[in-house]
Visitor: 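This structure is in structure tokens; I'll ask about it shortly.
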Amino acid sequence: MLGSGKGSNFVAIADACAAGTLPAEVALVVSDVAEAPILERARERGFRAEFIPPGKFRTKLDETAEPAYIQALQAAEVDLVVLAGFMRILKGEFLRAFAQRVVNIHPALLPSFPGLEAWKQALDYGVKVTGVTVHFVDQGVDTGPILAQQTVPVLAGDTPATLHARIQEAERTLYPAAIAALGAGGSVGSGPADDLAHGGEILE
């Protein structure tokens, strides 16, 4: 798992693994921010957690950092790279090293509102429904094949903060369920994951 911030989605996924609803294990947590709370949260749970300097660019890994990330993940023998608030665009050699094995969650119903602060984009546009999308990462920005989506209503009087908070709640439900379904090679099954609020759906 790669993250740059608080790690709320990491916690949701790690808790799902511990509970057995997500039959997987967290092999390694890596951050591009030395003091990122996600690293401390990972260490508290006994997971390997590493800071790898991202290099000189602000929005992507540089030519030294990219192979360091690839080597760390390959050494951990990961099957899937899960982005949990990782604020750098992954391209080129990284995506070739983990082709169709990098997933991300985006706070909107893609292809609507790609890019940063999607909840603000939704409010500004005036939509009545937005949501979250789990997708494979490709060479574009939020353009990869969609794995799962869950809708979130935009309520009268919503502010960016209140809408973002409800979107984050949906993320913490959808992301573990989508990863579990991906690992099982199917759609969301019966049980709690089948009850995804507001019509969560896994696309096969």
Side-chain angles (χ1 to χ4, degrees), residues 1-13 16 22 24 32 38 58-61 80-92 94-96 98-155 158-189 193-204:
M1 299 188 69
L2 305 184
S4 303
K6 295 179 180 178
S8 59
N9 277 316
F10 155 73
V11 170
I13 291 167
L22 172 52
D32 59 323
I38 189 174
R58 188 174 63 85
T59 60
K60 64 179 182 178
L61 302 175
L80 190 70
V81 179
V82 176
L83 306 186
F86 190 63
M87 300 307 293
R88 292 178 186 271
I89 297 170
L90 297 172
K91 288 187 172 291
F94 189 99
L95 295 182
R96 284 189 286 274
F98 301 100
Q100 292 294 296
R101 291 195 292 147
V102 183
V103 294
N104 182 48
I105 192 161
H106 181 75
L109 295 175
L110 293 173
S112 298
F113 312 125
L116 297 176
E117 297 187 327
W119 58 94
K120 289 186 179 179
Q121 295 183 53
L123 271 182
D124 291 345
Y125 202 83
V127 297
K128 301 305 180 186
V129 176
T130 185
V132 297
T133 301
V134 180
H135 64 99
F136 282 119
V137 177
D138 64 8
Q139 299 289 342
V141 177
D142 300 325
T143 57
I146 291 171
L147 292 166
Q149 293 187 308
Q150 182 173 329
T151 59
V152 174
V154 180
L155 305 179
D158 256 337
T159 65
T162 59
L163 179 57
H164 189 209
R166 284 204 315 286
I167 286 173
Q168 287 181 313
E169 289 180 13
E171 288 180 349
R172 291 190 284 269
T173 300
L174 185 64
Y175 214 178
I179 295 168
L182 181 63
S187 58
V188 171
D194 202 35
D195 255 340
L196 298 179
H198 308 298
E201 180 182 4
I202 301 293
L203 306 179
E204 293 188 71

Visitor: Strictly by salt bridge (Lys or Arg N to Asp or Glu O under 4.0 Å), give each pair with a member in residues 124-153 just once, sequence neighbours left out.
Guide: none
Visitor: Which value, rounded to the nearest 0.5 Å, describes the distance between L95 atom CG and R101 atom CZ?
Guide: 11.5 Å
Visitor: Going by salt bridge (Lys or Arg N to Asp or Glu O under 4.0 Å), name the residues that satisfy it together with R172, two or more places apart in sequence or in a different chain.
Guide: none
Visitor: I'd like to know if the side chain of T151 reaches the main chain of G131, judged simply by a donor and an acceptor atom lying under 3.5 Å from each other, with no hydrogens or angles considered.
Guide: no
Visitor: Grab the two heavy atoms, one from W119 and one from P160, that are nearest each other, plus how far apart they are.
Guide: CD1-O, 3.3 Å
Visitor: To the nearest 0.5 Å, what is the distance between OG1 (T159) and CG (L123)?
Guide: 7.5 Å
Visitor: Compare every heavy atom of V132 with every heavy atom of P107, then report the nearest pair and how far apart it is.
Guide: CA-CG1, 4.2 Å
Visitor: A side-chain contact here means heavy atoms from C-beta on lying under 4.5 Å apart; do L109 and V127 qualify?
Guide: no
Visitor: Rounded at 0.5 Å granularity, tell me how far CZ in F86 sits from CG in N104.
Guide: 10.5 Å
Visitor: Hey, does T133 have a side-chain heavy atom less than 4.5 Å from the side chain of Q149?
Guide: yes
Visitor: If you define the side chain from C-beta out and look only at heavy atoms, does anything of Y175 sit under 4.5 Å from V82?
Guide: yes
Visitor: Search all heavy atoms of P153 against all heavy atoms of L163 and return the closest pair with its distance.
Guide: O-CD1, 4.0 Å
Visitor: Please check if the side chain of Q150 supplies one atom and the backbone of E171 the other of a donor-acceptor pair under 3.5 Å.
Guide: no
Visitor: For R166 and V154, work out which heavy atoms get closest and say how close.
Guide: NH2-CA, 4.1 Å
Visitor: With distance as the sole test, does S4 use its side chain to make a donor-acceptor pair with the main-chain N or O of M87 at under 3.5 Å?
Guide: yes
Visitor: With sequence neighbours left out, write down each residue that passes ring pair (Phe, Tyr, Trp, His ring centres under 6.0 Å) with H135, or none if nothing qualifies.
Guide: none
Visitor: My understanding is that only residues two or more places apart in sequence, or in another chain, count here; which of them pass ring pair (Phe, Tyr, Trp, His ring centres under 6.0 Å) with F94?
Guide: F98
Visitor: Just how far is it from atom CG of L174 to atom CD1 of I105, taken to the nearest 0.5 Å?
Guide: 5.0 Å
Visitor: Looking at K91, I want to see if its NZ is surrounded by more than 12 non-hydrogen atoms of other residues, nucleotides or ligands under 6.0 Å.
Guide: yes
Visitor: Can you tell me how far apart CD1 (I89) and CG (L83) are? Round to the nearest 0.5 Å.
Guide: 11.5 Å
Visitor: Taking all non-hydrogen atoms of both residues, which atom of V152 and which atom of A170 are closest, and how far apart?
Guide: CG2-CB, 3.7 Å
Visitor: To the closest 0.5 Å, what do you measure between CG (L116) and OG1 (T59)?
Guide: 9.5 Å
Visitor: Sequence neighbours excluded, which residues qualify as salt bridge (Lys or Arg N to Asp or Glu O under 4.0 Å) partners of K60?
Guide: none
Visitor: Determine whether I38 and M1 make a side-chain contact, defined as any pair of heavy atoms from C-beta on separated by less than 4.5 Å.
Guide: no
Visitor: So, does Q121 use its side chain to make a donor-acceptor pair with the main chain of P114 at under 3.5 Å?
Guide: yes
Visitor: Could you tell me which residues satisfy ring pair (Phe, Tyr, Trp, His ring centres under 6.0 Å) with F113, sequence neighbours excluded, listed by chain and number?
Guide: Y125
